[in-house]
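What follows is one structure encoded as structure tokens, with my remarks underneath.
Residues take their numbers from the sequence shown, with the count starting at 1. Note that ligands are numbered from 1 as they come in the structure, with each ligand's atoms numbered from 1 the same way. All of these numbers come straight from a predicted model, not from anything done at the bench. These values consider heavy atoms only, across backbone and side chains, with no hydrogens, waters or symmetry-generated copies.
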Amino acid sequence: MSLLERYRDLLPITDTTPLISLAEGNTPLISAPRLAREIGVRELWLKFEGMNPTGSFKDRGMVMAIAKALEEGARSVVCASTGNTSASAAAYAARAGLEAVVIVPAGKIALGKLAQALMYGAKLVAVDGNFDAALDIVRKMGDNYPITVVNSVNHYRIEGQTTAAYEIVDTLGDAPDALCLPVGNAGNITAYWLGFRRYHERGKTTHLPKMLGFQAEGASPIVQGAPFEKPHTLATAINIGNPASWRFAVGARDESKGCIDCVSDDEIVVAWRDLARCEGVFCEPASAAGIAGLRKLMQQGAAEPDARYVAVLTGHGLKDPAMAVEQFAAPTPIAPTMAAIERALGW
Ligand code: F0G
């Protein structure tokens, strides 16, 4: 059953909403015992959103937003993106026979994401500016042209993304004690909180989880309490200086008695590597911010060790292979002889 069919009663679906699908959602919740032990928490699960059809959690929101755009008779959609939203918008627009326009910050999106937008046939525009500048233009385009904005300022995106919270509860049988996730434009933390609250109101959970959101230090406006003019982080997906859902993220943090903190690029890289090496799960750099943040809170004595944590791994590692090779050095070629191999391996 498709994601829209499965959670139909919880989503803004009517009799005329086309139930499109690329088999999004239903992503694995993977236990992470080694990483849990190493970080010092009792129980840790990884919600691996990289297993969605375009390799990120955006597909949950995009399937809903594109379905509603179709229902409302739209012909084209537009988004600004650090890469994943554009990949997802391009794919679902292609699937639905709509035109997709995607505006990205030039030179600041990972190669895999660029390839996706090109392959799915979007009209790709690169601007000399950051994500925030691109989103400003997209909002103006939405005001001035007959085109549907599919950034998370479109509330159908948030609605679709609530399904990840439902899946976590459906798998675990209850809400976790806390949810750790990266924060960029702040749509996802907003969606999870809405989803957990909605499920709680329906009696599906005994409690509500704490929301623990993490920005990259160089792009941490919510933590600092002021927009960043020139955000900078190697986690390009969350390189955002003025999040659209800022207010809702603060609401999720405060209502859940959670936190929004920041982690350095070095802390992100360590967590990113540990996820791959300890658990065999390869996500993109930004996705590791939740694990980096949980480790930081534990080191500060600010997180409960005897609790059940879920960390959301928002995108797949193959989105950004160049960063992995850059950080961890691809080997230089040697002669194809046993002697050379033995030397290279130190045997
Ligand atoms: N992780 C990844 C891999 C992302 O691509 C994003 C956002 C986030 C985390 C943060 O989620 O914005 O809901 O707080 N990517 C957007 C994009 C901005 O354009 O693809 P958020």
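- Some N or O of Ala186 is nearer than 3.5 Å to an N or O of ligand 1, by distance alone.
- Between Phe282 and His316, the ring-plane angle classifies as perpendicular under the 30° and 60° cut-offs.
- Each of the following atoms of ligand 1 lies closer than 4.0 Å to a heavy atom of Asn84: 2 (C), 3 (C), 4 (C), 5 (O), 20 (O).
- Taking 4.0 Å as the cut-off, Ser56 does not count as a neighbour of ligand 1 on heavy-atom distance.
- Interface atoms of ligand 1 facing Gly187, defined by a heavy-atom separation under 4.0 Å, are 13 (O), 14 (O), 21 (P).
- At the shortest separation from atom 8 (C) of ligand 1 among protein heavy atoms lies Ile238 CG2, 3.6 Å.
- At the top of the distance list for atom 11 (O) of ligand 1, counting protein heavy atoms only, stands Phe57 CZ, 3.5 Å.
- With respect to Lys68 and Glu159, no salt bridge is recorded, no charged nitrogen being found less than 4.0 Å from a carboxylate O.
- Taking every non-hydrogen atom of Ser81 and a distance limit under 4.0 Å, the qualifying atoms of ligand 1 come out as 17 (C), 19 (O), 20 (O).
- The shortest N or O to N or O distance between Thr85 and ligand 1 is under 3.5 Å.
- Ligand 1 lies less than 4.0 angstrom from a heavy atom belonging to Pro182.
- Annotation: atom 4 (C) of ligand 1 to nearest protein heavy atom, Ala237 CB, 3.5 Å.
- The aromatic rings of Tyr199 and Tyr7 sit perpendicular to each other, their planes meeting at more than 60°, with 30° as the lower class boundary.
- On a distance-only criterion, Ser287 and ligand 1 share no N/O pair closer than 3.5 Å.
- Atom 12 (O) of ligand 1 has its closest protein heavy atom at Asn185 N, 2.7 Å.
- Between Ile13 and the choices Glu5, Arg8, Glu71, the side chain to side chain contact (heavy atoms under 4.5 Å, CB included) rule is met once, by Arg8.
- Within the listing of ligand 1, atoms 3 (C) sit less than 4.0 angstrom from a heavy atom of Glu284.
- Within the listing of ligand 1, atoms 14 (O) sit less than 4.0 angstrom from a heavy atom of Val183.
- For ligand 1, the polar-atom distance check against Gly315 finds no nitrogen or oxygen pair separated by under 3.5 Å.
- For Asp274 and Arg295, the salt-bridge test passes: some basic side-chain N is under 4.0 Å from an acidic carboxylate O.
- For atom 7 (C) of ligand 1, the nearest protein heavy atom (residue, atom name, distance) is Lys58 NZ, 3.0 Å.
- No N or O atom of Gln161 sits closer than 3.5 Å to an N or O atom of ligand 1.
- Here the side chain of Arg157 pairs a donor or acceptor atom with the backbone of Val150 at under 3.5 angstrom.
- For ligand 1, the polar-atom distance check finds an N/O of Thr314 within less than 3.5 Å of one of the ligand's N/O atoms.
- Ion pairing of Glu167 with Arg60 is present here, as a side-chain N (NZ or NE/NH1/NH2) and a carboxylate O approach within less than 4.0 Å.
- Within the structure, the closest approach of Ile240 to ligand 1 falls below 4.0 Å when heavy atoms are considered.
- Within the 4.5 Å cutoff, no side-chain heavy atoms of Glu304 are placed close to those of Asp177.
- The protein non-hydrogen atom at the shortest distance from atom 13 (O) of ligand 1 is Asn188 N, 2.7 Å.
- Formation of a donor-acceptor pair under 3.5 Å by the Ser88 side chain with backbone atoms of Thr85 is not found in this model.
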